[in-house]
Student: 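The structure that follows is given in the form of structure tokens.
Here the structure is a predicted model, which is why all the values come from computation and not from measurement.
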Amino acid sequence: MLAADLSRSKGAPPRVATVAALRSAVARWRRAGERIALVPTMGALHAGHLALVAAARARARRVVVSIFVNPTQFNEAEDLATYPRDEAGDLAKLAGARVDLAYTPSVDEMYGEGFATTVTVGGVSEGLCGAHRPGHFAGVATVVTKLFTQCAPDLAVFGEKDYQQLLVVRRLVRDLDLPVEIVAVPTVREADGLALSSRNATLDPDQRRIAPALYATLVETAGAIVAGAEPARACAAAAERLRAAGFTAVDYVELRAAETLAPLSAFRPPARLLAAARIGPVRLIDNVAVPVAEC
Ligand code: AMP
């Protein structure tokens, strides 16, 4: 199974690309009674992904990182075509992170001929990114369900960066009785507050200068809401501030209940402030707890 990996760069984890090879590696660990963690990613790895790996490492003897740019969660062909990909760089970044296996299935391996099943999560999938990216969360829920049944991990690690996705996955696991513990990791940021994202690599220098306004605006708006500002007004002011900073379109800025994503017309903790905005072709998302927990 691992013969093809003899050429891999020093310290990089072995790589498998088929469900059968993944299952056989996992079965060996399972027989040895080892706890297994899965970190699902779409590659173009950065320090945010590595924080997820570290959280997995701290909780399990074995860590699998999947790298799969999932076409079914892209609602724009252009976005899929331009999504950054760097498998060799990714494997090099995983060297030293003590990852036991990189799982890199092809699209054909994941979605075989005649594939016709979709997992749809209601409730938390609706609104926010669900409203602006039709089909996105069904694509996420379907691939996550497949990754869970392919790998059968004890736990899986997700980032709060994609907060709505995290709640969709938690709902999915509860509703389908999937025997996987979901671990959440706080958002890793650049020094100027910009949340790390694979898409940041596609920002030109001017766009990169504008991008940190997203987090700064969320923090300021969260503070205003805690201080008594009416949420709808504060969110409208935030959208205005983002446009003034150079964002070309604001998909949403909204205050939601942190555990259910129910809309909140008045501040009631635990709450979450979430936003999505575009700078030209690049769509950025971010969110903060209200009151802000991470700085
Ligand atoms: P992606 O490769 O963008 O699909 O992300 C894979 C996982 O990494 C998801 O669970 C994301 O929420 C998480 N992630 C992405 N960016 C960050 C970040 N800046 N901090 C923490 N987790 C992140």
Student: Could you give the distance from CZ (R171) to CD (Q164), rounded to the nearest 0.5 Å?
Tutor: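 R171 CZ to Q164 CD: 14.0 Å, rounded to 0.5 Å.
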Student: So does E220 pair up with R241, basic N to acidic O under 4.0 Å?
Tutor: yes
Student: State plainly whether one hydrophobic cluster holds both V144 and V19, where clusters connect Ile, Leu, Val, Met, Phe, Trp and Tyr through side-chain heavy atoms under 4.5 angstrom apart.
Tutor: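 Shared cluster, yes.
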Student: For Y163 and A258, work out which heavy atoms get closest and say how close.
Tutor: OH-O, 2.5 Å
Student: Taking atom CE of M42 and atom OG of S66, what is their separation to the nearest 0.5 Å?
Tutor: 10.5 Å
Student: List in chain and number order the residues that pass salt bridge (Lys or Arg N to Asp or Glu O under 4.0 Å) with E109, two or more places apart in sequence or in another chain; answer none if no residue qualifies.
Tutor: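 With sequence neighbours excluded, E109 shows a salt bridge (Lys or Arg N to Asp or Glu O under 4.0 Å) to no residue whatsoever.
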Student: Can you give the donor-acceptor pairs under 3.5 Å from side chains of residues 226-238 to other protein atoms, not counting sequence neighbours?
Tutor:
none

Student: Do the non-hydrogen side-chain atoms of V39 and H49 ever get within less than 4.5 Å of each other?
Tutor: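 No, their side chains stay 4.5 Å or more apart.
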Student: Under 4.0 Å between a Lys/Arg side-chain N and an Asp/Glu carboxylate O for R272 and E259?
Tutor: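 So R272 does not pair with E259 through a salt bridge.
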Student: Taking the side chain as every heavy atom from C-beta outward, state whether V124 and T260 have any atom pair closer than 4.5 Å.
Tutor: no
Student: Would you please classify the geometry between the F158 ring and the F148 ring as parallel, tilted or perpendicular, with 30° and 60° separating the classes?
Tutor: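 Rings of F148 and F158: perpendicular, as their planes differ by over 60°.
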Student: Compare all side-chain heavy atoms of I285 with those of C129 and state whether any distance is below 4.5 angstrom.
Tutor: yes
Student: Output yes when a side-chain donor or acceptor of D90 lies under 3.5 Å from a complementary backbone atom of L45, and no otherwise.
Tutor: yes
Student: Give me each pair satisfying side-chain hydrogen bond (donor to acceptor under 3.5 Å, both in side chains) with a member in residues 120-131, each pair once, sequence neighbours excluded.
Tutor: none
Student: First locate atom CG of D251, then atom CZ of R283, and finally report the distance between them rounded to the nearest 0.5 Å.
Tutor: 4.5 Å
Student: Might you point out which heavy atoms bring V185 and A55 nearest each other, and give the distance in Å?
Tutor: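 Of all heavy-atom pairs spanning V185 and A55, the closest is CG2-CB, 3.6 Å.
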Student: Taking it one step at a time, do Y215 and L194 satisfy side chain to side chain contact (heavy atoms under 4.5 Å, CB included)?
Tutor: CA-CA 6 Å; Y215 178 62; L194 176 63; over 6 Å; no
Student: Could you please spell out the steps behind the side chain to side chain contact (heavy atoms under 4.5 Å, CB included) verdict for T82 and T202?
Tutor: CA-CA 9 Å; T82 57; T202 65; 5.8 Å; no
Student: What I want to find out is whether D192 reaches R209 closely enough, with some N-O distance under 4.0 Å, to be called a salt bridge.
Tutor: no
Student: Between L38 and V63, is there shared hydrophobic-cluster membership here, with clusters defined by ILVMFWY side-chain heavy atoms closer than 4.5 Å?
Tutor: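 No, because L38 and V63 fall into different hydrophobic clusters, even though each may have its own neighbours under 4.5 Å.
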Student: Side-chain heavy atoms nearer than 4.5 Å, only ILVMFWY residues, links allowed to pass through others: does that put V26 and Y103 together?
Tutor: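 Shared cluster, yes.
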Student: When you look at K93 and H46, which way does the side chain to side chain contact (heavy atoms under 4.5 Å, CB included) test go after all the steps?
Tutor: CA-CA 8 Å; K93 281 179 200 148; H46 51 64; 5.9 Å; no
Student: Do the side chain of R57 and the main chain of R61 share a donor and acceptor less than 3.5 angstrom apart?
Tutor: yes
Student: With rounding to the nearest 0.5 angstrom, report the OG to CG distance, S197 to D162.
Tutor: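 Between atom OG of S197 and atom CG of D162 there are 8.0 Å.
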Student: With a 4.0 Å cut-off on N to O distance, would you call R133 and D79 a salt bridge?
Tutor: yes
Student: What closest approach, in Å, do P13 and A95 show between heavy atoms, and which atom pair accounts for it?
Tutor: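 Nearest heavy atoms, P13 then A95: CD-N, 4.2 Å.
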Student: Side chains of F267 and P291: does their closest heavy-atom pair fall under 4.5 Å?
Tutor: yes
Student: Any chance you could measure E240, atom CD, to F247, atom CZ, to the nearest 0.5 Å?
Tutor: 13.5 Å
Student: Before giving the answer on side chain to side chain contact (heavy atoms under 4.5 Å, CB included), spell out for L261 and L128 the whole-Å C-alpha distance, their side-chain angles and the decisive distance to 0.1 Å.
Tutor: CA-CA 9 Å; L261 291 186; L128 305 172; 4.1 Å; yes
Student: What orientation do Y252 and H132 show, parallel under 30°, tilted 30 to 60°, or perpendicular over 60°?
Tutor: tilted
Student: Within the 4.5 Å heavy-atom criterion, are T145 and L172 side-chain neighbours or not?
Tutor: yes
Student: Is it the case that the side chain of T142 and the backbone of G139 share a donor-acceptor pair, with hydrogens and angles ignored and the cut-off at 3.5 Å?
Tutor: no
Student: State, with a plain yes or no, whether a side-chain heavy atom of I182 is found less than 4.5 Å away from one of L155.
Tutor: no
Student: Out of D286, L255, N287, which residue meets the side chain to side chain contact (heavy atoms under 4.5 Å, CB included) rule with L273?
Tutor: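 Filter result, single survivor: L255.
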Student: Check whether any side-chain N or O of T217 sits under 3.5 Å from a backbone N or O of A239 as a donor-acceptor pair, and report yes or no.
Tutor: no
Student: Do V180 and W29 sit in one hydrophobic cluster, given that two such residues count as connected whenever their side-chain heavy atoms are within less than 4.5 Å of each other, even indirectly?
Tutor: yes
Student: Count the heavy atoms belonging to other residues, nucleotides or ligands that lie under 6.0 Å from CZ of R85, then report whether that count exceeds 12.
Tutor: yes
Student: Minimum heavy-atom separation for L91 and R15, please, with both atom names.
Tutor: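 Minimum heavy-atom contact is CD1-CD, 3.6 Å.
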Student: Looking at side-chain heavy atoms only, is the closest gap between E76 and H136 below 4.5 Å?
Tutor: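 Not touching, per the 4.5 Å side-chain cut-off.
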Student: Would you mind reporting whether F115 and M110 have side-chain heavy atoms less than 4.5 Å apart?
Tutor: no
Student: With the 4.5 Å side-chain cut-off for hydrophobic clustering, are L52 and L147 part of the same group?
Tutor: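 Cluster IDs for L52 and L147 differ.
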Student: Taking all atoms of both residues into account, what is the closest heavy-atom pair of G130 and F137, and its distance?
Tutor: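 Nearest heavy atoms, G130 then F137: N-CE1, 3.5 Å.
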Student: Counting only heavy atoms not in R35 (residues, nucleotides, ligands), do more than 12 fall under 6.0 Å from its CZ?
Tutor: yes
Student: Please report the shortest heavy-atom distance between L80 and P71, naming the atom on each side.
Tutor: CD2-CB, 3.9 Å
Student: Supply the atom-to-atom distance L196 CG to R189 CZ, rounded to the nearest 0.5 angstrom.
Tutor: 9.0 Å
Student: One thing to verify: whether E181 and R170 come together as a salt bridge, which I'm taking to mean a side-chain N less than 4.0 angstrom from a carboxylate O.
Tutor: no
Student: For T72 and N70: C-alpha separation, side-chain torsions, deciding distance, then whether side-chain hydrogen bond (donor to acceptor under 3.5 Å, both in side chains) applies.
Tutor: CA-CA 6 Å; T72 67; N70 176 34; 3.1 Å; yes
